Each structure stands twice: as C-alpha cells, then as structure tokens.
Student: 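The following block contains the structure, expressed as structure tokens.
Quick caveat: nothing in here was measured; it's all calculated off a predicted structure. The chains referred to below are lettered A, B, ... by the order of the sequence lines, with proteins before strands, and numbering in each begins at 1.
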Amino acid sequence: MSKYHFNDIEAKWQKFWAENGTFQAENQSDKPKYYVLDMFPYPSGAGLHVGHPLGYIASDIYARYKRHKGFNVLHPQGYDSFGLPAEQYAIQTGQHPRKTTQENIGRYRVQLDKIGFSFDWSREVRTSDPSYYKWTQWIFIQLFESWYCKTLEKALPISELVEVFSEQGNESINFDCGYDAPIFSADEWKAYSEEKKESILLNYRLTYLAETEVNWCPELGTVLANDEIVNGVSERGGYPVVRMKMMQWSMRITAYAQRLLDGLDKIDWPQSLKDTQINWIGKSKGALVTFNVVRANEDLRGAKIEVFTTRPDTIFGTSFITLAPEHDLVERLTTIEQRFEVSKYIEATSKRSERERMADVKTISGVFTGAYAVHPFSGEEIPIWIGDYVLAGYGTGAVMSVPCGDQRDHDFANHFNIDIPNIFEGIDISEEAFVDKDNTIIANSDFINGLNYEEASQKVIEALEEKNTGEGKINYRLRDAVFSRQRYWGEPFPVYYKDGIPKMIAIEHLPLTLPEVEKYLPTETGEPPLGRADVWAWDTDKNEVVPNHKIDHETVFPLELNTMPGWAGSSCYMFRYMDPHNEEELASKVAMDYWENVDLYIGGSEHATGHLLYSRFWVKFLYDLGILSVDEPFKKLINQGMIMGESALAYRWDYGLEGKSEKRIPVFVSKHIIDKAISEKVFLKNVNKNIEDLVFKLSKNHDKLIFSSKTKLSHFSPIHVDISMVNSSNELDIEAFKNSRLELESAEFVTEDDGTFKVSREIEKMSKSKYNVVNPDDICEQYGADTLRMYEMFLGPLEQAKPWNTAGISGVHSFLKKMWKLYHSGAKDGFNVSNKVASKDNLKTLHKTIKKVEEDIKNFSFNTSVSSFMIAVNELTSQKCNNREILEPLVILISPYAPHIAEELWEKLGHKESISTAPFPKFESEYLVENSKEYPISFNGKTRFTMELPLDMSKGDLEAAVMAHEKTIRYLDGRTPKKVIVVPGKIINIVG
RNA sequence: GCUCAAGUGGCGGAAUAGGUAGACGCGCUGGAUUCAAAAUCCAGUGUCUUAGGACGUGCGGGUUCGAUUCCCGCCUUGAGUACCA
C-alpha cells in the first residue's frame with residue numbers, strides 16, 4: 001500500500017499551483033466576486049512563528065471554500081515593508097533597510113509558500129516600492145487639495161473653496177474643524193498676498209502643516225501618534241514620551257468623526273472592536289459656555305473663557321473655573337500678586353512627563369490665578385484656577401467646576417477650601433459628588449429648579465444661545481492624527497517649500513523616491529535623517545530631484561525632510577491589489593467597481609484604533625472624491641486570537657546571594673523540590689540528598705545555599721529555557737542547557753530523586769527572547785503543511801487566544817494518514833477506489849459531514865469541522881467504504897483545510913484539473929432520515945407508547961411525528977399538552 | 001475606576017431560539033500485533049457508589065416539567081480604556 005508521503009505531495013502541488021497560476025483572479029467574470037484579505041505582514045527579521053499563519057489559514061480556508069461555491073475569489077498578499085525595526089537595524093549595522101527588508105521578504109515568502117496558501121501572488125504589493133508608494137503620495141496630495149464641508153458632510157476640492165472666498169469671503173463656510181477662521185470678505189481675500197492666502201488655506205486642508213503639541217520620543221527620535229503610545233511610553237520599545245511643540249503634518253481625521261461612528265452600523269465587525277473605536281472617537285454631547293473675565297490683569301478685562309461641559313444642567317453649581325496649565329490665557333490672566341505662584345506651578349507641571357502625570361492621578365495640585373469670571377446667569381464672580389487635572393487637549397482646555405456634581409471638582413474644592421454649593425434636591429453632597437445624572441432633580445438653580453438632567457440641560461442651552469454666551473455642542477475625544485515622522489525608512493512627502501509655504505509636486509512627476517543617505521540617524525543639528533541626503537532638492541523647471549547645493553529659492557527648493565508614518569502605506573492597500581500594476585491610477589475604475597471592497601478581512605485586534613480607523617478615514621475621503629464607490633473598506637472583520645507560546649522556566653536560587661555575581665555558581669533547583677519545600681514547609685535539604693552534596697560544593701566557594709522552611713518562590717529567579725531542551729514531561733536536558741550559554745557551564749542542578757530536573761511552564765507571547773518560538777517550517781517538515789493547517793484550526797475557536805502545544809498534533813496527523821488509507825487500503829500496490837453503489841450508511845456519513853462542515857465554515861467555526869472530518873473518516877473506515885460516490889465528494893469537502901492531500905487524491909481519482917474549483921458537494925437531507933427504529937416514548941417517568949422514529953430525524957420532524965400522536969399524550973392530571981418535543985427514546989419537552 | 005468577554009473532566013475544547021452535558025483530539029489504563037521498539041488497531045476513561053443508582057458545567061438564589069444556556073446577586077480570570085469635564 002502506498003504511504004502518505006506528505007513532503008513530496010506538498011512540494012508537487014505547491015509547484016503546480018505556482019506554475020499554473022491556479023489562484024490568479026480575473027478582474028472580470030460571470031461569477032459573483034468575493035474578496036478575502038489578510039492584514040499584510042511586516043516582514044521582521046525573526047521570520048514567522050506558528051502564531052502568524054493562524055489568520056492566513058482561516059482566510060485561506062474561506063477563500064478556497066468560496067471558490068468551490070462558484071465565486072471569483074480575490075485573495076492577495078503583500079508586505080507592509082516600511083517601518084522602524086528595519087531602520088533601527090540599519091542604524092546599528094549600517095545596512096540599507098531596503099536590503100534587510102528584501103531579505104526578510106524573501107524568507108517570509110519561502111515560509112508562506114510551504115503552508116500552501118492560495119494567494120494570488122501576481123498581485124503582490126510592497127509598501128516600500130516606489131511604484132506602490134507613488135499612490136500613497138498621490139492620496140496625500142488629494143488630501144492636501146481638499147477641505148471638509150460640514151454643511152454637505154463631505155470633502156470638497158480646495159479650488160472650490162478658493163472660488164467661494166473670492167466671490168463672497170468665508171462667512172458662509174461651515175468648517176467647524178478646530179480652526180476659528182477670522183472672517184474676511186471677498187475683497188479682503190483678493191487683497192491678501194499669495195503667502196497669506198496659502199497660510200489661510202492651510203487651515204482648511206484635510207492634511208495640514210501646523211505647530212502642534214506632539215508626543216516626542218527622544219529614544220526613537222521621532223513623534224508618535226496617540227495610538228502608538230501605550231501607558232505613556234512608546235508602543236515599540238517602551239521608551240518615555242514627552243510633549244513638545246513641533247511643526248508637523250497632520251491629518252484632519254476629526255472632520256470624519258461622526259461618519260466614522262455612523263459607518264460602524266453598516267459593517268459586520270466584532271462588537272468589542274466597534275466599542276473600542278466608539279470609545280476612541282469619544283463623542284459627548286453638551287454645551288460650550290462662555291465666561292467673561294472680570295477682575296483680572298488690567299489688559300485682560302473683557303476676555304472670554306470658553307468651557308465645554310456635558311452637564312449644562314449643573315451650571316448653577318459652578319463655584320470656580322479651572323484652566324489646564326497649558327491654556328493660552330493662563331499667563332495673561334494671572335494677576336501680579338499671583339504671578340510668582342502660578343509660574344512656579346506651570347514650571348513644575350511641565351517638567352512632569354506624560355507618564356508621571358498619568359501614574360499620579362491621586363495628588364491634587366493647582367493654583368489660583370487671582371482672576372475672576374462672571375457667571376452667565378447668576379452674575380456671581382467666580383475664581384479662576386489652574387489645575388493639571390484639566391487636559392489641554394480635550395474640549396477647550398478649560399472647565400466650569402461643579403464640585404457637587406463631579407468628583408474631581410469636589411476633591412479639588414475640598415483641597416483648596418473652595419465653596420461647594422448644592423444644587424441637587426434631597427442629596428447630601430458633603431462627602432462626595434453626586435454624579436448620577438439619570439436620577440437628578442435640580443434645585444437652587446433659578447429657572448431650572450425641579451427639572452431633571454434632560455430638561456434642565458435643554459433649557460440651559462436655549463438660554464445660553466439666547467444670551468449669546470454659549471451653545472449646544474458635540475465634542476469628540478478623537479484628535480487629528482500627526483502624520484510626520486523624523487525617520488528615514490518611510491514614504492517621502494511629495495512636498496517642497498517655497499518661502500516657507502509647502503507646495504505639492506505635480507502628480508505626473510510621482511513617485512518622489514527616497515534619497516540615499518550615509519547614516520540613518522538624525523543630523524547633528526537635529527533634523528530628520530533625510531537632512532543628510534545630498535540630493536534632496538526640487539527643481540521646478542526640470543521637475544526632478546537635484547543636489548542640495550543648487551537650491552536658489554527661485555526655481556530650486558528644499559524638499560520636506562520628514563517621512564510618513566507606518567499607517568500611511570496600509571490605509572489603502574486593499575484597493576491597490578485590485579489593479580496592482582496600473583501606472584495611471586490607484587486602480588482602474590473598472591477594477592474598483594468590480595471588486596468594491598473587502599468582503600472578509602482577518603487580522604489582529606491590536607489595530608483597532610490605528611490601521612482600522614485610519615483606513616476607514618481614507619476610504620471615506622476617497623469616496624467623497626468619487627474615486628471609490630464604497631465608503632467602508634472592510635465589510636466583515638474577524639480578529640484571530642493570538643497563539644501563545646509555552647515557555648519553560650528553570651528556577652535559579654538567588655536569595656541572599658545579591659552582589660556576589662562574579663564568583664557565584666548558578667544553582668538551579670527542580671520545580672517539584674521548590675513546590676514541596678513551599679507547600680510542606682520542610683527544610684529542603686531533607687528532601688533530597690544531593691542538596692547536601694551541593695551545599696558542600698558551594699561552601700568551598702565561600703557561598704552558602706540555605707533552604708529553610710521560609711523558602712518562597714520569590715527567592716528564585718525564573719530563567720527561560722529553550723523549549724527544544726525540554727520534553728513533554730517537563731524534564732530538562734541538563735547537558736544541552738549547560739552548553740547553550742557560557743555562564744551556565746559551571747551551573748549546579750538540584751534534581752529530583754530520580755535524577756530528572758523539572759521546569760515549570762508558563763503561557764506567554766511567542767518571542768525569541770523567551771525561547772518559546774515554534775517554527776512552522778519544522779512542523780511542515782515533520783508532519784506536513786496539511787497537518788499544520790488543520791491543527792492550527794483544531795486548537796480552538798479562531799477568535800480566542802490559545803497556547804500552542806505540539807504534543808496534540810499527532811491526532812490530526814494520524815487523521816490525515818487514515819484519510820489517505822481510505823483511498824488506498826485493500827490493494828497491495830496503491831490506489832483502490834471502487835465504482836460500486838454506496839451503502840446507506842456510507843451516504844449517511846457523507847451527508848452528515850457535508851451539512852456540518854458547510855455550517856461550520858459559514859460560522860467560521862473551523863475547529864469543530866476538523867472533528868467532523870475525523871468522525872467521518874473513522875466511520876467510513878469501519879464501514880470499509882471505498883466507493884467513488886463517497887470518496888470523491890469527501891475530498892472536495894476537505895480540500896479547503898488540507899489542499900495538498902486533496903489535490904493528490906483528486907488527481908488519483910482521475911481528474912486533470914485542480915480540485916480548487918470543483919463544485920462543493922450538496923447536502924441531501926433524505927440520507928439522514930432513511931433509517932428508523934422503534935423508540936419508547938415516555939414522560940413523567942412512565943412509558944406511554946412506542947412509535948417508529950427515524951434515527952437522525954431533525955428535531956422538527958420528530959416533533960411532528962409525535963404531534964400526530966398528540967391525543968394519546970396526557971399529563972397525569974389529564975390535560976393535553978400544546979407542544980411536544982422529542983429526542984429518540986424520550987419526550988423531553990411538553991408545553992401546554 | 002469604567003466597558004466588554006469568559007469560567008465545563010488531568011489538558012485543549014464540543015453542545016446554547018432552554019431539551020440525552022463532556023463531541024473530537026491529547027493524555028492515561030488495558031489488550032492485539034512485534035524478539036523488541038516504533039507505527040497501527042481494539043476496548044475503557046467526569047466524580048461517588050452499597051452497582052440500583054446518586055451527584056455533576058465558578059458560587060448563591062430565581063424562572064421552568066427541564067438551565068452549561070435565561071434573570072438577579074456575588075467570586076475569579078482575561079482584554080480594552082483611563083483625570084474626556
């Protein structure tokens with residue numbers, strides 16, 4: 001009987017698919033389209049581990065399934081190949097990031113190919129290719145040439161805005177995007193200098209250059225967007241981040257805040273991910289209230305402070321106003337008497353890093369400005385304070401403090417002995433603020449007494465608008481996204497500067513390719529790495545890049561030195577796949593109209609507030625421009641869970657040995673001995689004889705190893721051990737471990753009585769530094785790609801995080817061997833499939849499996865369909881089934897999961913074409929209700945009658961069958977049930 | 001603190017419009033085959049048991065003929081978010 005030689009089979013079919021372009025998608029077809037996409041990988045130097053392909057396997061199964069169902073499937077893959085790791089490697093080694101990136105891509109491709117994905121590689125994109133980033137630059141220019149009209153709620157060409165300005169000024173323009181434009185007339189506009197016009201327009205553009213407060217990471221030498229910061233440190237590397245002002249390009253994503261929220265209703269994404277985006281956008285409804293300043297510094301009288309509040313109903317509880325330390329008015333507002341205190345306070349707060357400020361939310365700090373503002377309704381004078389609990393970046397950077405209704409205001413007022421007026425009916429606010437707005441009845445508040453939150457808020461807003469001292473306002477937490485990075489390995493901006501005004505390079509001259517530099521570090525003067533390029537100036541006559549020394553500010557101008565952030569290249573790549581070689585357009589209209597958007601997108605949830613938000617923003621923008629016919633990039637999204645590594649830890653005795661590292665012998669103690677010492681509180685040397693020997697050895701080296709009844713796990717340091725040195729019983733290969741690192745050569749090991757050394761296990765993220773990485777290449781080599789694919793699915797639900805456990809793979813592997821055998825048993829020399837008519841049992845097994853597998857694929861419940869395959873093959877084996885009628889559809893069923901073995905068997909079954917588009921088998925319910933059997937029907941413990949019921953009848957059919965006997969079924973008290981639910985042998989539900 | 005998700009054998013996990021709990025796999029036990037091993041195959045495997053059953057899906061209640069599933073209150077774990085006025 002021929003054996004299952006998976007290595008040969010897999011190599012054969014991978015070659016076949018590549019040579020025949022089996023998975024190349026056509027941009028025109030009579031078939032319906034389906035677009036399946038993975039989040040493309042960043043090709044890191046470490047290569048793939050078994051966790052990376054999880055999502056790719058799932059999407060591949062779905063793509064292959066859809067091909068069987070008669071769809072024209074687009075399933076491309078590419079590389080997100082600009083980014084920090086390659087650049088940092090370049091800084092360390094001097095190697096060009098292009099080179100290392102290319103090498104890494106090469107390694108990725110080999111690894112991916114071994115797993116047998118049905119990617120259409122003819123459509124591959126790389127974000128660092130000039131032919132690709134040409135279109136990233138092109139989109140940037142489109143954004144620059146557009147502004148967002150709030151009246152129409154869409155982006156419009158900036159040229160139309162210029163027309164309006166020169167015809168009627170800007171008074172009628174509804175912009176409302178964080179820029180208070182000074183009003184000008186048409187005549188004034190025409191009289192402005194070119195420079196002035198440009199600087200005004202810059203405030204309207206969807207990408208704009210502005211002095212913004214940014215998150216500067218000194219270690220990385222670059223600014224970071226909000227989503228690139230986690231817990232106050234950089235996401236990559238965990239370096240501190242400080243806030244500072246810099247001239248930066250920004251993306252006006254805030255213009256799209258509402259549409260980004262609304263769009264979530266139309267797309268099929270996990271609710272948790274939608275929640276994350278909703279939270280990030282952070283819409284809140286409230287009011288803008290203007291307080292007039294009185295009793296301030298002489299020259300500031302009559303100034304206005306705007307505050308944003310979500311609780312306009314509590315306006316009569318305002319007993320002070322608090323400004324963020326960074327607020328514009330702070331310096332000018334402060335009275336002479338308070339000037340010293342205030343500047344001291346501002347200096348102290350500015351020194352604190354973002355992280356310190358976040359970590360230390362309990363400490364209340366602030367300072368009085370000496371100034372007062374007047375309450376818009378009561379006319380009372382209210383003190384103006386400064387406090388760092390008010391954030392400059394949210395709302396207006398100033399709040400009306402209502403200590404009775406907000407805990408932070410309450411704490412602040414208590415701390416500084418400020419009045420806490422009570423405006424709530426029957427509520428005691430002496431201890432803490434009353435924040436429950438749903439149960440609020442307002443009191444002591446003039447015209448809103450007795451009203452609830454809803455009514456009072458509305459009345460206050462009406463009154464504010466009437467008095468022209470405020471208005472209803474919706475505020476968003478979302479900030480505009482900083483788009484400049486002071487890095488080398490990213491897309492260059494297609495921008496040059498003429499008299500300090502940014503100008504776009506004409507589209508026909510793109511791409512503007514990344515210049516060569518000698519070093520990848522910032523310049524000595526603190527400019528970004530592109531400041532080192534010698535050939536980085538734009539000649540507006542020749543329309544090309546020329547050496548810097550030719551800059552004359554007449555026809556040759558300096559180019560932008562920043563590059564674009566990582567998310568620039570990933571925001572629209574899904575459209576480039578539709579027509580990746582098009583040199584005239586991002587993709588042809590025909591291709592984009594045909595493929596529309598991604599039907600199924602699979603990737604990690606860590607991109608919730610980055611890529612997945614920015615991508616939606618750019619797509620909505622391109623939709624406004626009429627370039628795209630869809631305004632969401634991804635119809636359905638699935639977040640695959642992470643596959644975790646199972647780290648092995650050996651415990652090193654460290655207690656009481658601090659500071660003696662130079663002469664210390666590392667001593668490792670087996671896990672069970674430690675556990676025993678801890679749980680039984682025994683002296684360790686009583687546990688195991690070889691500890692005494694060890695103590696003796698150590699004492700010669702003037703160290704002492706003391707285990708006592710007070711031994712704790714924290715007295716040991718867990719050291720990561722390479723998982724290849726540990727067997728499935730958690731026993732360490734001591735020799736291999738000793739030889740793995742120089743400092744372990746002399747190490748001593750306290751072993752179990754049987755001489756073994758046990759490690760403990762911990763589930764952690766897979767990473768090289770934890771020595772817990774499992775390489776898919778090894779698995780493919782040992783078990784085959786089909787086994788890897790099925791096992792990764794079998795591990796558990798797709799969305800769930802789960803540990804990798806190589807031990808379990810044998811079950812899936814032996815299933816494939818059994819599957820192979822099904823087609824080969826009985827004949828000495830190989831393939832043995834008969835044309836006999838299949839038995840009822842055979843057909844039952846087949847159709848049961850078709851039903852289950854198709855349901856599972858539709859529900860993305862791939863783990864359970866692997867179980868169904870196993871059951872099917874076991875049943876067919878014991879039925880001695882080798883009928884073509886059964887085995888041919890069976891191999892199609894399994895081909896999305898295990899495509900190589902399926903192709904091989906398909907060929908052996910006599911087919912010339914690839915199995916990939918063979919029609920998916922049809923489920924016939926008749927085969928499942930063929931057999932029937934006598935069942936006793938009983939309820940309330942008593943047998944009532946027996947009736948003949950089909951073995952695998954659906955629940956509904958069973959019910960119907962019993963309903964026919966309805967009259968004979970009675971409760972013990974004689975009532976007749978309305979509905980009877982039955983499973984074979986038992987009545988299980990009587991409703992009546 | 002807030003939001004969300006999840007707690008089922010030794011392990012990964014099945015099963016929810018409420019209806020035979022523990023599918024399937026790993027592991028373990030016994031057997032066949034083998035000089036032996038690997039591989040393969042067969043049987044068993046939630047707990048207790050007086051062998052008839054009894055008890056079992058984090059804990060405590062509730063609804064129901066019936067609850068892993070629904071409701072209320074806890075506990076635990078994980079994820080996200082965090083002075084957002």
Student: How many whole angstroms separate atom NZ of A/K817 from atom P of B/rG25?
Tutor: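 These atoms are roughly 15 Å apart.
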Student: Donor-acceptor pair, A/R789 side chain versus A/P896 backbone, under 3.5 Å?
Tutor: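 Yes, because the side chain of A/R789 sits within donor-acceptor range (under 3.5 Å) of the backbone of A/P896.
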Student: In terms of relative ring orientation, are A/H607 and A/H611 parallel, tilted or perpendicular, with 30° and 60° separating the classes?
Tutor: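 Answer is perpendicular, since the angle exceeds 60°.
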Student: Heavy atoms within less than 4.0 Å of RNA chain B: which residues of residues 789-798 of chain A have one? Give them sorted by number.
Tutor: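 Contacts with RNA chain B under 4.0 Å: A/F794, A/L795, A/P797.
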Student: List for me each residue that meets ring pair (Phe, Tyr, Trp, His ring centres under 6.0 Å) alongside A/F434, sequence neighbours excluded, and say none if there are none.
Tutor: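 With sequence neighbours excluded, A/F434 shows a ring pair (Phe, Tyr, Trp, His ring centres under 6.0 Å) to A/F424, given in chain and number order.
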Student: Relative to each other, are the rings of A/W385 and A/F416 parallel, tilted or perpendicular (30° and 60° limits)?
Tutor: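 Taking A/F416 first and then A/W385, their aromatic rings sit tilted (interplane angle of 30° to 60°).
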Student: Expected output check: what is the dot-bracket annotation of RNA chain B, where ( ) and [ ] are pairs inside the strand (brackets for crossing ones), | is paired with another strand, and pairs are Watson-Crick or G-U under 3.5 Å?
Tutor: (((((((..(((......[....)))((((((.......))))))(((....)))..(((((..]....))))))))))))....
Student: Is the backbone of A/I267 close enough, under 3.5 Å, to the side chain of A/K274 for a donor and an acceptor to pair up by distance?
Tutor: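 Answer holds: yes.
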Student: Could you tell me whether a side-chain N or O of A/H375 sits under 3.5 Å from a main-chain N or O of A/I315, the two making a donor and an acceptor?
Tutor: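 Judged by distance alone, yes, a pair lies under 3.5 Å.
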Student: Does the distance from a Lys or Arg side-chain N to an Asp or Glu carboxylate O, for A/E875 and A/K848, drop under 4.0 Å?
Tutor: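 Counted as a salt bridge, because a side-chain N and a carboxylate O are separated by less than 4.0 Å.
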Student: Students often mix this up, so state it plainly: with edges at 30° and 60°, are the rings of A/H813 and A/F6 parallel, tilted or perpendicular?
Tutor: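 Perpendicular, since the angle between the ring planes exceeds 60°.
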Student: What nucleic acid atoms does A/K818 come within less than 4.0 Å of, heavy atoms only: base, sugar-phosphate, or nothing?
Tutor: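 Sugar-phosphate contact only.
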Student: How many whole angstroms separate atom OH of A/Y783 from atom C1' of B/rG25?
Tutor: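 In whole Å, B/rG25 C1' and A/Y783 OH are 14 Å from each other.
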Student: Base, sugar-phosphate, or nothing for A/S814, non-hydrogen atoms under 4.0 angstrom?
Tutor: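 Sugar-phosphate, no base atom in range.
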Student: Could you check whether A/Q407 gets within reach of a base, just the sugar-phosphate, or nothing at all, counting any heavy atom under 4.0 Å?
Tutor: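 No contact at all - A/Q407 keeps every heavy atom at 4.0 Å or more from the nucleic acid.
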Student: Under 4.0 Å between any heavy atoms, over every strand shown, what does A/N874 touch: base, sugar-phosphate, or nothing? Just pick one.
Tutor: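 Sugar-phosphate, no base atom in range.
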